[in-house]
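Some notes on the structure that comes next.
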Amino acid sequence: MKRVIRMLPLAAALGMSLPAWAGLVLQNQDWKVELEPSTLALTAAAAGDPARTVSAGVPARKVSGLRQDGLSADWQWDDGRYRWQARLQGRDLTLTLNAAAPGGVELLRQPGAAMGKGLLLPLAEGSYIPAGSKLWRDFLPGFAGDGLDTAENLSLPMWGMDYGRRSLHWLLLEPFNNRLAIRADGQNLALSLSHEFNALNQKRPMTLLLRLGDDNLLAGAQRYKQWLEAEGRYQTLADKIQAQPDTAKLIGASHVYLWGNTLLDASDVRDWPAFLKLLRGPDPLAASLRGRFDAEAAKALRQAEAKPDRYQQRVLMEAVNQALTAEARAEQPLDPRAQSLVRRGAAAGRLALGRRPVAQDDGCAAGGRPQALVAGRGQLGRRAVAAAGGEGGRGRRLSGDGLRFL
């Protein structure tokens with residue numbers, strides 16, 4: 001057996017077929033990688049550093065056609081259903097998988113010990129997760145659930161490990177249809193990666209790139225940028241503006257967060273006497289809304305004075321919001337002005353802090369009176385919500401710090 005093992009490097013150098021149980025060793029002046037073809041168990045050692053287990057391996061697959069030629073190797077899983085190619089080039093190890101049929105396949109199982117000093121995970125602006133952190137160990141597995149979608153949940157399809165003077169970074173060059181599962185493993189976090197080949201992407205190979213870095217924790221992101229540039233897929237903001245000129249309007253624009261579950265809040269009403277007069281009046285929309293009020297709201301509307309107390313304000317606004325929602329969901333088409341109210345209320349909410357005039361509905365109430373009601377700040381943050389018309393069909397324009405009663 002020892003004689004056979006000694007002959008494996010010679011066989012690999014000559015491009016001869018290797019036995020299915022043979023491990024692969026790919027090595028250059030920068031680092032050495034040992035790979036088990038049946039499980040994809042992988043260890044990596046930078047020159048002068050100890051070997052680190054990057055993947056403990058997935059359940060073993062049947063291996064056939066194993067060949068190695070210098071710094072590359074290829075083999076098959078499950079009688080040709082999957083075909084692997086491994087290549088070591090400089091500080092990059094690429095592992096490319098092709099599938100003959102749709103199906104899911106587990107690729108990596110990274111143990112907790114592989115975290116090193118910390119895990120680099122591009123959640124939002126990016127997260128550094130220190131090894132041994134109980135806070136992250138308690139939070140991240142639950143947050144990841146059945147696995148992070150590497151195209152949707154990660155800002156970049158990659159993650160990395162900090163080893164001090166060295167770092168390793170996994171880049172997923174096919175970012176779609178991947179799941180990155182996370183679980184607690186001792187004091188650290190273990191990761192596992194799977195990929196789904198389906199009818200739409202079956203012809204596209206799944207390529208993983210393992211990048212050896214120094215102490216630069218951004219080495220993975222920088223390598224990914226280089227790959228995008230080489231593939232002609234990197235776009236600057238200037239490129240995006242050239243393709244879609246309206247994008248330039250976002251530069252320096254107000255960034256507004258809206259919160260809350262209702263369209264209107266009591267603090268949105270700038271003129272309570274006018275608001276109550278309209279709700280009590282003969283306008284068809286007002287009558288339709290009143291028809292949906294419960295007994296408590298109807299009583300509050302009858303008894304409210306020019307400036308209702310807080311209890312009455314709350315009851316009335318809850319009733320108006322519920323009635324508007326019910327109108328919007330009604331099976332029969334809404335009165336055109338009701339449709340405008342719901343549509344423009346949502347649109348104005350999105351333009352909360354905008355200084356541009358907001359176009360109005362040109363509808364009028366009976367007698368040609370304007371229908372502008374409410375605006376300003378409320379539970380939803382700074383936002384404007386209004387329905388406005390004008391006499392003789394002249395639309396009103398509202399702008400500035402909110403829409404005011406006209």
Side-chain angles (χ1 to χ4, degrees), residues 26-35 40-56 71 86-97 107-131 136 140 144 147-151 153-176 178-182 185 188-195 205-231 233-234:
L26 304 177
Q27 184 173 6
N28 60 23
Q29 62 182 4
D30 294 311
W31 57 326
K32 174 183 177 181
V33 174
E34 296 186 25
L35 182 65
L40 221 62
L42 190 151
T43 62
D49 287 357
R52 294 184 172 90
T53 299
V54 181
S55 175
L71 297 179
R87 183 182 182 190
L88 188 67
Q89 185 175 21
R91 292 190 166 201
D92 293 342
L93 170 70
T94 56
L95 301 171
T96 302
L97 177 64
L107 304 175
L108 301 174
R109 288 187 179 180
Q110 179 176 303
M115 279 183 65
K117 297 176 64 177
L119 181 67
L120 314 171
L121 196 61
L123 292 172
E125 291 82 3
S127 299
Y128 183 93
I129 302 171
W136 281 99
L140 202 52
L148 299 174
D149 183 319
T150 61
N153 301 127
L154 299 181
S155 302
L156 291 173
M158 56 171 290
W159 73 91
M161 294 79 75
D162 175 18
Y163 297 118
R165 58 189 293 266
R166 302 285 188 187
S167 59
L168 287 172
H169 309 264
W170 280 111
L171 282 61
L172 309 181
L173 304 188
E174 173 54 56
F176 303 106
N178 303 315
R179 286 283 169 186
L180 184 65
I182 302 173
D185 183 15
N188 292 327
L189 293 167
L191 286 68
S192 61
L193 177 71
S194 60
H195 179 75
M206 172 58 188
T207 299
L208 301 89
L209 188 154
L210 182 62
R211 175 69 173 180
L212 171 65
D214 293 325
D215 58 356
N216 177 13
L217 300 185
L218 297 179
Q222 292 167 347
R223 181 65 184 91
Y224 187 63
K225 178 184 177 182
Q226 292 172 357
W227 179 80
L228 289 175
E229 291 173 332
E231 294 290 313
R233 296 166 60 179
Y234 181 75

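Interatomic distance, N216 CG to Q222 CD, rounded to the nearest 0.5 Å: 4.5 Å. Remark: S192 OG to L180 CG distance equals 7.0 Å, nearest 0.5 Å. Between the CG atom in L121 and the CG atom in L191 there is a gap of 7.0 Å [rounded to 0.5 Å]. Atom CH2 of W136 and atom CE of M115 lie 10.0 Å apart (nearest 0.5 Å). Annotation: the span from L42 atom CG to Q110 atom CD amounts to 10.5 Å, rounded to 0.5 Å. Taken from CG in L171 to CH2 in W227, the straight-line distance is 9.0 Å, to the nearest 0.5 Å.
Of all heavy-atom pairs between F176 and H195, the closest is O-CE1, 3.3 Å. A51 approaches A45 most closely through the heavy-atom pair CA-CB, 3.6 Å. Nearest heavy atom pair, residue D215 against residue G164, reads CB-O, 3.2 Å. Scanning all heavy atoms of the two residues, the minimum distance from R165 to D49 falls at NH1-OD1, 2.6 Å. Nearest heavy atom pair, residue M161 against residue L119, reads CG-CD1, 4.5 Å. Summarising the geometry of D30 relative to L212, their closest heavy-atom pair is O-CD2, 3.9 Å, with the distance given to 0.1 Å.
Residues L228 and R233 have side chains in contact (heavy-atom distance under 4.5 Å, counting atoms from C-beta outward). Under the 4.5 Å side-chain criterion, counting only non-hydrogen atoms from C-beta, L88 is in contact with N28. Between K32 and L26, every side-chain heavy-atom pair lies at or beyond the 4.5 Å cut-off. Using a 4.5 Å cut-off on side-chain heavy atoms (C-beta onward), L208 and L108 make contact. Using a 4.5 Å heavy-atom threshold, the side chains of T43 and V54 count as separate. A 4.5 Å side-chain heavy-atom check between H169 and L120 finds at least one atom pair inside the cut-off. Side chains of T150 and W159 form no contact here, defined as non-hydrogen atoms less than 4.5 Å apart.
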- Item | Stepwise side-chain contact (heavy atoms from CB on, under 4.5 Å) test for L210 and L95 | CA-CA 8 Å; L210 182 62; L95 301 171; over 6 Å; no
- Task: Begin with the C-alpha distance, continue with both residues' side-chain angles, and end with the deciding distance and a verdict on side-chain contact (heavy atoms from CB on, under 4.5 Å) for R223 and D92.
- Result: CA-CA 9 Å; R223 181 65 184 91; D92 293 342; 2.8 Å; yes
- Decide side-chain contact (heavy atoms from CB on, under 4.5 Å) for L193 and W170; before the verdict, give the C-alpha distance in whole Å, the side-chain angles of both, and the deciding distance to 0.1 Å. CA-CA 11 Å; L193 177 71; W170 280 111; over 6 Å; no
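When the shell of 6.0 Å around CZ of R87 is examined, it contains 12 or fewer heavy atoms from other residues, nucleotides or ligands. For E229, the CD atom is densely surrounded, since the number of other residues' heavy atoms within 6.0 Å is greater than 12.
Counting only distance, with no hydrogens or angles, the side chain of S155 and the backbone of A124 share a donor-acceptor pair below 3.5 Å. D185 places a side-chain N or O within 3.5 Å of a backbone atom of G112 that can act as its donor or acceptor partner. Looking at N178, its side chain does come within 3.5 Å of a backbone N or O of P175 through a donor-acceptor pair.
The residues D214 and R166 are annotated as salt-bridged, a charged nitrogen and a carboxylate oxygen being separated by less than 4.0 angstrom.
In this structure, a donor-acceptor pair under 3.5 Å is present between the side chains of D162 and Y128.
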